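Input: a single structure, listed below in structure tokens.
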Amino acid sequence: MFGLIDCNNFYASCERAFNPSLNGKPVVVLSNNDGCVIARSAEAKVLGIPMGEPAYKLKELIETNQVFVFSSNYVLYGDMSQRVMNTISTFATDMEIYSIDEAFILLDGFENIDLKEYGENVVRTVTRNTGIPVSMGIAHTKTLAKVANKFAKKYKNYKGVCIIDTDEKREKALKLTDIGDVWGIGRRYSKRLQYYSINNAWDFTQRPKNWVRHLMGVTGERTWMELCGIPCFGMDTPGDKKSICTSRSFGERLTEMAPISEAVSNFAAGCAEKLRQQHSYGCVLTVFIHTNPFATNQAQYYNQKVMQLSVPTNDTTELINYALRGLKSIFIQGYQFKKAGVIVSEIVPERPLQGDLFDLRNREKFNRVMTVMDSLNTMYGKQKVKIASQGFDRKWKLKNERLSPCYTTKLDDVLEVNA
DNA sequence: TCTGGGGTCCTAGGACCC
DNA sequence: TCTGGGGTCCTAGGACCC
């Protein structure tokens, strides 16, 4: 059996964990740049605030209902996620962290254990240890565990745990699950399936396998089988990233090269750091810039430059160099730029490294520089040491006017309790 | 005025090889 | 008039996830 533990309204719950006055109140968390809603507490959902809605469209609704609004604080959420995962890991020998707020665990050898009791214990313990409410779904396949998890969240008297372990329960659950809510069926397929009068997950399983294969390929076929109780997905051990992207929308529109160069330097540096963390090198670097696609009355420009690196690298200085050269080749004066980014792809392990016969760079030396830089930044804080082109102006910086404190990672932000 | 950021996998078709 | 059979690799686009 697979268990899926998923945090309830994760980002909103993180904000609440250290600010209990928010309990029972509507809370929303906004995306970078305070752009759109990416998390909502149950109360905010009741108010009809949709996921992904731009914040400015909700201004009135937010004011009249006294919704508490937060900029996203990924440092806090990342740290809270680790705490949740640490607790879950004490309950299982095989665990797969699937995203920032959910994890699968393998329930093998649990034949003589009361799964309901076990699940309730997991849910209770995680919530007690971290302050984050979670739910757990248990079933024979990952996709069914996902379905079970939705019911665990939906019905209070389940005490946060739902188990689908018989055909009767499976049929009942699938009949109550909209086709679009199935893991692996997104907006497009859900629309196409509805065209064939498939409205819920049960309808879907009643179609012949070949028909599904024809319409949706092997991925659809796998989902079909999983819903029928035949496992297609095992526990995954996520390997190294195959592409790494760092990109941001700017807090204000930029027209000049200088602040955009600074931003792009920082994005390249971010990619380099991520590469070093997973002990990989990148072989291709892409840099892109574009104007604001929503501003339809303005002149639009999008361009990107893809560059093959002469030697695979994870060196910040080298990647910044490429990125800035690429930027220079695509930047045009006269546009209001809104976003830029750097993507590193064709990622290979650090060793063995294929060198370049004519390479003049002292790679040993630069490697040591990077190692020292990383260790200084680990010890004294992010970006204590950086490359000059990363700059200090930060004209491109994000808008985040409603940022909560970093309660768990910054000494100055630690809560004070008056007793 | 104001609309996020980061990933994965699969498939079809074209170009090429013998 | 008639034009084989068997492969690989790459890329763009489409779908999905959180």
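Everything quoted here is computed from the prediction, not taken from an experiment. Note on naming: letters A, B, ... go to the chains in the order of the sequence lines (proteins, then strands), and numbering restarts at 1 for each one.
Counting heavy atoms from C-beta on, the side chains of A/Lys116 and A/Val161 come closer than 4.5 Å. The shortest side-chain heavy-atom distance between A/Ile105 and A/Met136 falls under the 4.5 Å cut-off.
Non-hydrogen atoms lying under 4.0 Å from DNA chain C are contributed by nothing in residues 222-237 of chain A. A heavy-atom distance below 4.0 Å to DNA chain B is reached by none of the residues of residues 194-212 of chain A. Using a 4.0 Å cutoff on non-hydrogen atoms, no part of residues 61-77 of chain A comes near DNA chain C. Using a 4.0 Å cutoff on non-hydrogen atoms, no part of residues 392-405 of chain A comes near DNA chain B.
Of the candidate nucleotides B/dT3, B/dG5, B/dG6, B/dG6 has the atom nearest to the side chain of A/Cys245. Across B/dG6, B/dT3, B/dG5, the shortest atom-to-atom separation from the side chain of A/Ser249 is found for B/dG5. Listed nucleotides B/dG5, B/dC2, B/dG6 differ in distance to A/Arg253; the shortest reach to its side chain belongs to B/dC2. Among the nucleotides B/dG5, B/dG4, B/dT3, the one closest to the side chain of A/Tyr56 is B/dT3.
The residue among A/Ser247 and A/Thr219 whose nearest nucleotide of DNA chain B lies closer to the 5′ end is A/Ser247. Looking at which nucleotide of DNA chain B each of A/Gly35 and A/Gly217 is closest to, the 5′-most match is held by A/Gly35.
The side-chain hydrogen bond (donor to acceptor under 3.5 Å, both in side chains) contacts involving residues 37-54 of chain A comprise A/Asn9-A/Lys45, A/Arg16-A/Glu43, A/Ser41-A/Glu43, where partners must be two or more places apart or lie in separate chains. Applying the side-chain hydrogen bond (donor to acceptor under 3.5 Å, both in side chains) test to every pair with at least one member in residues 222-238 of chain A, sequence neighbours left out, gives these pairs: A/Thr143-A/Glu226.
A cation-pi arrangement, defined by a distance under 6.0 Å to the six-membered ring centre and an angle within 45 degrees of its axis, is present between A/Lys386 and A/Phe392. By the 6.0 Å and 45° rule, A/Lys142 stacks over the aromatic ring of A/Phe104. Under the 6.0 Å distance and 45° angle rule, A/Arg325 counts as a cation-pi partner of A/Tyr322.
Using a 3.5 Å distance cut-off with no hydrogens or angles, the side chains of A/Thr291 and A/Arg253 do not pair a donor with an acceptor. For A/Thr286 and A/Gln304, the side-chain atoms include no donor-acceptor pair closer than 3.5 Å. Side-chain contact of A/Asn321 with A/Thr317: a donor-acceptor pair under 3.5 Å is absent, judged by distance alone. No donor-acceptor contact under 3.5 angstrom links the side chains of A/Ser243 and A/Ser345, judged on distance only.
Between the OH atom of A/Tyr11 and the P atom of B/dG4 there is a distance of 15 Å, given to the nearest Å. Atom NZ of A/Lys241 and atom C1' of B/dG5 are 13 Å apart (whole Å). For A/Lys57 and B/dT3, the NZ to C1' distance is 7 Å, given to the nearest whole Å.
For A/Lys175, the side chain to side chain contact (heavy atoms under 4.5 Å, CB included) partners two or more places apart in sequence, or in a different chain, are A/Glu171, A/Trp202. Evaluation of the ring pair (Phe, Tyr, Trp, His ring centres under 6.0 Å) rule for A/Phe110 yields A/Tyr118 as partners, not counting sequence neighbours. Under the side chain to side chain contact (heavy atoms under 4.5 Å, CB included) criterion, A/Glu401 pairs with A/Asp34, A/Lys399, not counting sequence neighbours. A/Ser21 is linked by a side chain to side chain donor-acceptor pair (under 3.5 Å) to A/Asn19, counting only residues two or more places apart in sequence or in another chain.
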Could you check A/Lys339 against A/Arg248 for side-chain contact (heavy atoms from CB on, under 4.5 Å), going step by step and ending with a plain yes or no? CA-CA 6 Å; A/Lys339 182 170 178 173; A/Arg248 293 286 179 279; 6.0 Å; no
Using the side-chain contact (heavy atoms from CB on, under 4.5 Å) rule, take A/Ile5 and A/Ser135 through it: C-alpha gap first, then chi angles, then the decisive distance, then the call. CA-CA 6 Å; A/Ile5 299 127; A/Ser135 312; over 6 Å; no
Apply the test ring-ring contact (aromatic ring centres under 6.0 Å, His included) to residues A/Trp396 and A/Phe337: give CA-CA distance (whole Å), side-chain angles for both, the deciding distance (0.1 Å), then the verdict. CA-CA 10 Å; A/Trp396 53 278; A/Phe337 289 103; over 10 Å; no
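Within 4.0 Å (heavy atoms only), A/Asn33 reaches no atom of the nucleic acid at all. As judged by a 4.0 angstrom heavy-atom cut-off over every strand, A/Lys59 is placed among residues making no nucleic acid contact.
At B/dC2, none of the side-chain N or O atoms of A/Lys338 fall inside 4.0 Å of OP1 or OP2 (strictly under the cut-off).
A pairwise comparison of heavy atoms in A/Glu15 and A/Ser71 identifies OE2-O, 4.2 Å as the closest pair.
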Under the rule of Watson-Crick or G-U wobble with both distances under 3.5 Å, where | means paired to another strand and [ ] a crossing pair, DNA chain C maps to ....||||||||||||||
Base-contact (B) and sugar-phosphate-only (S) positions in nucleotides 7-18 of chain C, heavy-atom cut-off under 4.0 Å, - elsewhere: --------SSSS
